[in-house]
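Each chain gets a letter, A, B and so on, in the order the sequences are listed, and its residues count up from 1. Worth knowing before you read on, the calculation uses all heavy atoms, side chains too, and leaves out hydrogens, waters and symmetry mates.
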2 protein chains.
Amino acid sequence: MVQDSIQVLQTQGYKVTKPRRQVLAILNGAQRPLSPYDIQRLLRQQGKHLNHVTIYRILDLFCSLNLAHKLLSTGGFVKCVLGDKEGCHRFMVCHRCGTLQEFADEGLCQEENEFTRNFDFHTKYHLSESSGLCSNCYRKQHQKQGNA
Amino acid sequence: MVQDSIQVLQTQGYKVTKPRRQVLAILNGAQRPLSPYDIQRLLRQQGKHLNHVTIYRILDLFCSLNLAHKLLSTGGFVKCVLGDKEGCHRFMVCHRCGTLQEFADEGLCQEENEFTRNFDFHTKYHLSESSGLCSNCYRKQHQKQGNA
DNA sequence: GGCTAATTGCAACATTGTTGCATTTAGTCT
DNA sequence: AGACTAAATGCAACAATGTTGCAATTAGCC
Ligand SMILES: [Mn+2]
Ligand SMILES: [Mn+2]
Ligand SMILES: [Zn+2]
Ligand SMILES: [Zn+2]
């Protein structure tokens, strides 16, 4: 929720400004990762003009407060829905419609840690993206094939 | 090995040009992901001048032939050491010295697939980066703490 | 309603990435 | 070895993205 993020800003002593609310609203409404310039374009379509520098700075802040994530593959930003589960960030990205869903799994993290330890590597952060088809797109794809 | 990559180029009908050999050599010698402009700078230090457009095109080709990978987090390029294990690419990145090691684990992939299936998601590709400390850096870090 | 530190806007700049076309070159065939 | 030709590179111009310093504005406070 946008309201929760505003709470975080306030309790951490950051001002709740118009630009920050606007960026929050955009991230909240988006089903896909957005670049800073994506966000600027979307806002402009609503008649709202934000300087790109401001958007960069707001996104930096949001990431530092774990209100948003910067994605591995594209560099796009998404609102954070799970908080920082001990430095683990996992996403499912549909390569057909672009929608994204965040998830977490303690078991995966453990297995990953064990495995990398065999290489004498001490893992602290996990980043992963599983790309494929969301349920909707899988159904559509399947129908198409069936009709052929 | 560079020689293996040259083999791939030849058997796939691509010319083995001086620029391609130069980029191969750089990727092969690097312990860390390199951006196209990184590569240009490194070559320039050796007195070799490549147009950046050429480097972009060479890296595109190498990725399409699985001779190189484009990394998730930074967009940097690394030489591929494992080939394409069924669309799975996993890396350990040391956040202290920047070194990178590729790995693969069938078990991780399976667990990831199972987990995402619970969300009705059909995973096709796996991308993950485990960041932390390599054995060298872990040792150094440890020594420092001990001496304090 | 003023005060002030925090935030934003602006301008200028730097870096990265893309496209079309002229030039060069690797591999092939005499 | 030299000529031929498709493939690859270089060049120029441009587009997009990201950064910095400083002036103007504003949210939260009294
Ligand atoms: Mn998160
Ligand atoms: Mn690989
Ligand atoms: Zn989809
Ligand atoms: Zn290290």
Asks: Does the side chain of Thr116(A) come under 3.5 Å of the side chain of Ser130(B) through a donor N or O and an acceptor N or O?
Replies: no
Asks: Check for me, please, whether Leu43(B) and Ile6(B) land in the same ILVMFWY cluster - side-chain distances under 4.5 Å, paths through other members count.
Replies: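 Yes.
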Asks: May I ask you to say what Arg21(B) touches in the nucleic acid, namely base, sugar-phosphate or nothing, with a heavy-atom cut-off under 4.0 Å?
Replies: nothing
Asks: Using a cut-off of less than 4.0 Å, is there contact between a side-chain N or O of Arg20(A) and OP1 or OP2 of dA6(C)?
Replies: no
Asks: Given dT9(D), dG18(D), dA5(C), which nucleotide is nearest the side-chain atoms of Lys15(A)?
Replies: dA5(C)
Asks: Can you find a side chain N or O atom of Arg41(A) that sits less than 4.0 Å from OP1 or OP2 on dT17(D)?
Replies: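 So the side-chain polar atoms of Arg41(A) do come within 4.0 Å of the phosphate oxygens OP1 or OP2 of dT17(D), strictly under.
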Asks: Atom CG of Leu61(B) to atom C1' of dA8(D): distance rounded to whole Å?
Replies: 10 Å
Asks: Just call it for Arg57(B): base, sugar-phosphate, or nothing, with non-hydrogen atoms closer than 4.0 Å on any strand.
Replies: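 It contacts base atoms.
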Asks: To the nearest angstrom, how far is Asp60(A) atom CG from dT17(D) atom P?
Replies: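 After rounding, the gap between these two atoms is 17 Å.
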Asks: In terms of ring plane angle, is the pair Tyr138(B) and His122(A) parallel, tilted or perpendicular, where the classes change at 30° and 60°?
Replies: parallel
Asks: Would you classify Val53(B) as touching base, sugar-phosphate or nothing, given that sugar-phosphate means primed atoms plus P, OP1 and OP2, and contacts are heavy atoms under 4.0 Å?
Replies: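 The answer is base, as Val53(B) lies within the cut-off (heavy atoms under 4.0 Å) of a base atom.
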Asks: Could you tell me how far apart Leu59(A) (CG) and dT8(C) (C1') are, to the nearest whole angstrom?
Replies: 14 Å
Asks: Considering heavy-atom distances to DNA chain C, does Asp38(B) or Val16(B) have its closest nucleotide positioned more toward the 5' end?
Replies: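 With Asp38(B) and Val16(B) compared, the 5'-side residue is Asp38(B).
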Asks: Rounded to the nearest angstrom, tell me the gap between atom NZ in Lys18(A) and atom C1' in dA6(C).
Replies: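 The distance from NZ of Lys18(A) to C1' of dA6(C) comes to 17 Å, rounded to the nearest Å.
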Asks: Please pick, from dA26(C), dG18(D), dT16(C), the nucleotide with the shortest atom-to-atom distance to any side-chain atom of Tyr37(A).
Replies: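 Of all the options, the side chain of Tyr37(A) is nearest to dG18(D).
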Asks: For dG9(C), does OP1 or OP2 lie under 4.0 Å from any side-chain N or O of Thr54(A)?
Replies: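 Yes, within the criterion.
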Asks: For the hydrophobic clusters of this structure (ILVMFWY residues joined by side-chain heavy atoms under 4.5 Å, transitively), does one cluster hold both Ile26(A) and Val53(A)?
Replies: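 No; Val53(A) is not reachable from Ile26(A) via cluster members.
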Asks: On the nucleotide dT9(D), are OP1 or OP2 found under 4.0 Å from the side-chain N or O atoms that Thr17(B) carries?
Replies: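 For Thr17(B), the contact criterion (side-chain N or O under 4.0 Å from OP1 or OP2 of dT9(D)) is met.
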Asks: Quick one: closest heavy-atom pair of His69(A) and Cys63(A), and the distance?
Replies: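 Shortest heavy-atom contact: C-SG, 4.1 Å.
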Asks: Roughly, in whole Å, what's the span from CD1 in Ile58(A) to P in dT26(D)?
Replies: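 Interatomic distance, CD1 of Ile58(A) to P of dT26(D): 14 Å.
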Asks: Provide, to the nearest angstrom, the distance between the CG atom belonging to Leu24(A) and the P atom belonging to dT7(C).
Replies: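 Interatomic distance, CG of Leu24(A) to P of dT7(C): 14 Å.
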Asks: Tell me which nucleotide among dA26(C), dG9(C), dG17(C) gets nearest to the side chain of His52(B).
Replies: dG17(C)
Asks: Closest-nucleotide mapping onto DNA chain C: is Tyr56(B) or Ile55(A) further toward the 5' terminus? I mean the 5' end.
Replies: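 It is Ile55(A) whose nearest nucleotide is closer to the 5' end.
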Asks: Work out which heavy atom in Asn51(A) is nearest to a heavy atom in Gln40(A); give both atom names and the distance.
Replies: C-NE2, 3.8 Å
Asks: Look at the side chain of Tyr14(A) against the base of dG28(D) and say whether a donor-acceptor pair falls under 3.5 Å; ignore hydrogens and angles.
Replies: no
Asks: Rounded off to whole Å, could you give me the CG-to-C1' distance for the Leu50(A) and dT25(D) pair?
Replies: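 In whole Å, dT25(D) C1' and Leu50(A) CG are 14 Å from each other.
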Asks: Given dG10(D), dG9(C), dT9(D), identify the nucleotide with an atom nearest to the side chain of Asn51(B).
Replies: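 Of dG10(D), dG9(C), dT9(D), dG10(D) is nearest to the side chain of Asn51(B).
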Asks: Which whole-number value in Å describes the distance from Gln10(B) CD to dA7(D) C1'?
Replies: 15 Å
